[in-house]
Each structure stands twice: as structure tokens, then as C-alpha cells.
Amino acid sequence: MGGVKPKQILEVLLLARGRPVSKDRIAEMLWGETPPRNISATLETYVSVLRGKLGGGGRKHAVIVTDHEAYRLNCDVARLDLDVFDDLTERARGAAHHVARTELLEEAVAMIRGELLEDEPYADWVEPSRTTYRGRVVEVLLELATTALETGAGGEAIARAEMALAIDPLDERVLRVCMLAYHGAGRTHEAVRAYRRSEELWRREFDLHFDPATQRLLELIRARAGMGELLPSLATVGHAAA
């Protein structure tokens, strides 16, 4: 993209999703309290570099559009993967049949390639969007894991629950689904191991303790309770709101 700063300008505009971002705001996000002497000229130079890399001619086809003392992404010529993800999950909410809903959510999950803008791990301006989409992805994975468990697809339930736990190890709903999936697959020792692994993390890193519902589930699993007795506990997990 022509260097670190042009790339960051593009990322700022991507996260704005087509809304104008003022030059002063871009400078504040990228340079904080030490902006360049001539903010406008510096940004114009970087945006010119970006336009050369991105192509497109004229205002109608340009990826980056200049507004009054601001820039914005032209969403008529550039569609974001975040928009596609949101569209898929929105369509899933309106799906009449759970099979169609699951297919749409699986398509959304297939888009996940890692952390949002993971090449900017310490940028404060990324964190709000990163937190939002981390939560939305976990909700989608939770629903897929729950649906898989309810339909007897234990392996799929385990895979989705473990993926969600890797993203948010503090979500007990996901841990409970993961434990149930392991237990239902005849891998009760791994259900207990998943509980112990999360319990150690909670205590060591966050000084927290599990909800009684999670502790009770462990007791039932260790007592080799049948899945017919345990599956109703999924009603407390809820469905995805992503």
C-alpha cells in the first residue's frame, strides 16, 4: 500500500464503512499528540499514493473519495468482508428453516481468517471494531456448536466450541457446549479436561470462578449422566445474536 501510514489510512477508512473521516481525526488516530506539521498536505500525499495503488479513475470509480476536509471509502466500488459477514448473519436470522440458517452461518464462519486487522495489534483505533466482531464471531460459533450438538454432530460441535473458546476463553456458554459435545462423543475425560483447563486459566489470569451451572454440569458429566438428561441444559445457552 505504499508504506505503513498509507496502509493505516486505508484501514481507518475501511473501519469507517463508508462514513467520512475528517483529516484531523485521521491524524489524531495515526499520530496522537505528535501530528505532522502540515496535516492536510501529508494526508493528501499518502492518499495520492493509495489511489495509485488501488486504481480507479474519477470520483465515481475511486476507492477513496475526498469530502470536505475528510476522506471516505467508496462502498459502491469496494465491498468489505465485514459487510458480507454481517449480511450473512442477518440473512441467517431471517431464515425460515434451521438448515438454511446453518448454511448461512457456516458461510460466515468460512470467511474468518484470524483477528481483525491483526497486523495492527496495538492500534487503539482498531480495538472497538475488533471487540465487536470477536463477540459476533463467538455468537455464530456458539449457535453452530449448539445446533450440531442437538442434531448429534458431536465432532462438529467440538470443533466449533473449541474455536470459540480460543477466541473468548471467558465465555462459559461455549465451555458448557464443548463439555457436552465431548461427553456425548464418549470422550468424558476430555470434557473434564476442558473444564479444568478453563478453570485454571480463569483463576490464574483473571481470579474468577465458574457459574454454579457450569460446576453442576461437570458433576453430572463425571457421574456419567445420559445426554437425554443433559441436553435440556442447552436451553440456557441461547442462540446467536450476531
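Here the structure is a predicted model, which means the values were calculated and not measured.
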*Rounded to the nearest 0.5 Å, how far apart are CG of Leu218 and CD of Glu199?*
8.0 Å
Hey, does the side chain of [X] reach the backbone of [Y] with a donor-acceptor pair shorter than 3.5 angstrom?
X: Gln215; Y: Phe210; answer: yes
X: Gln8; Y: Leu30; answer: no
X: Trp202; Y: Pro169; answer: yes
X: Thr34; Y: Trp31; answer: yes

*Ala181 versus Leu149, closest heavy-atom pair with distance*: CA-CD1, 3.7 Å
*What closest approach, in Å, do Pro6 and Leu50 show between heavy atoms, and which atom pair accounts for it?*
O-CD1, 3.2 Å
Applying a strict under-4.5 Å side-chain criterion to I, L, V, M, F, W and Y, I'd like to know whether [X] and [Y] cluster together.
X: Leu141; Y: Leu170; answer: yes
X: Val177; Y: Leu217; answer: yes
X: Leu165; Y: Met179; answer: yes

Test item: side-chain donor near acceptor, [X] and [Y], under 3.5 Å:
X: Glu127; Y: Thr131; answer: yes
X: Thr66; Y: Arg51; answer: yes
X: Glu44; Y: Ser40; answer: yes

*asked:* Working note: Arg17 + Asp83, criterion salt bridge (Lys or Arg N to Asp or Glu O under 4.0 Å); need CA distance, chi angles, decisive distance, verdict.
replied: CA-CA 8 Å; Arg17 315 283 280 275; Asp83 291 335; 2.7 Å; yes
Can a salt bridge be assigned to the pair [X] and [Y] using a cut-off of 4.0 Å between side-chain N and carboxylate O?
X: Arg136; Y: Glu139; value: no
X: Arg113; Y: Asp81; value: no
X: Arg130; Y: Glu11; value: no
X: Glu106; Y: Arg160; value: yes

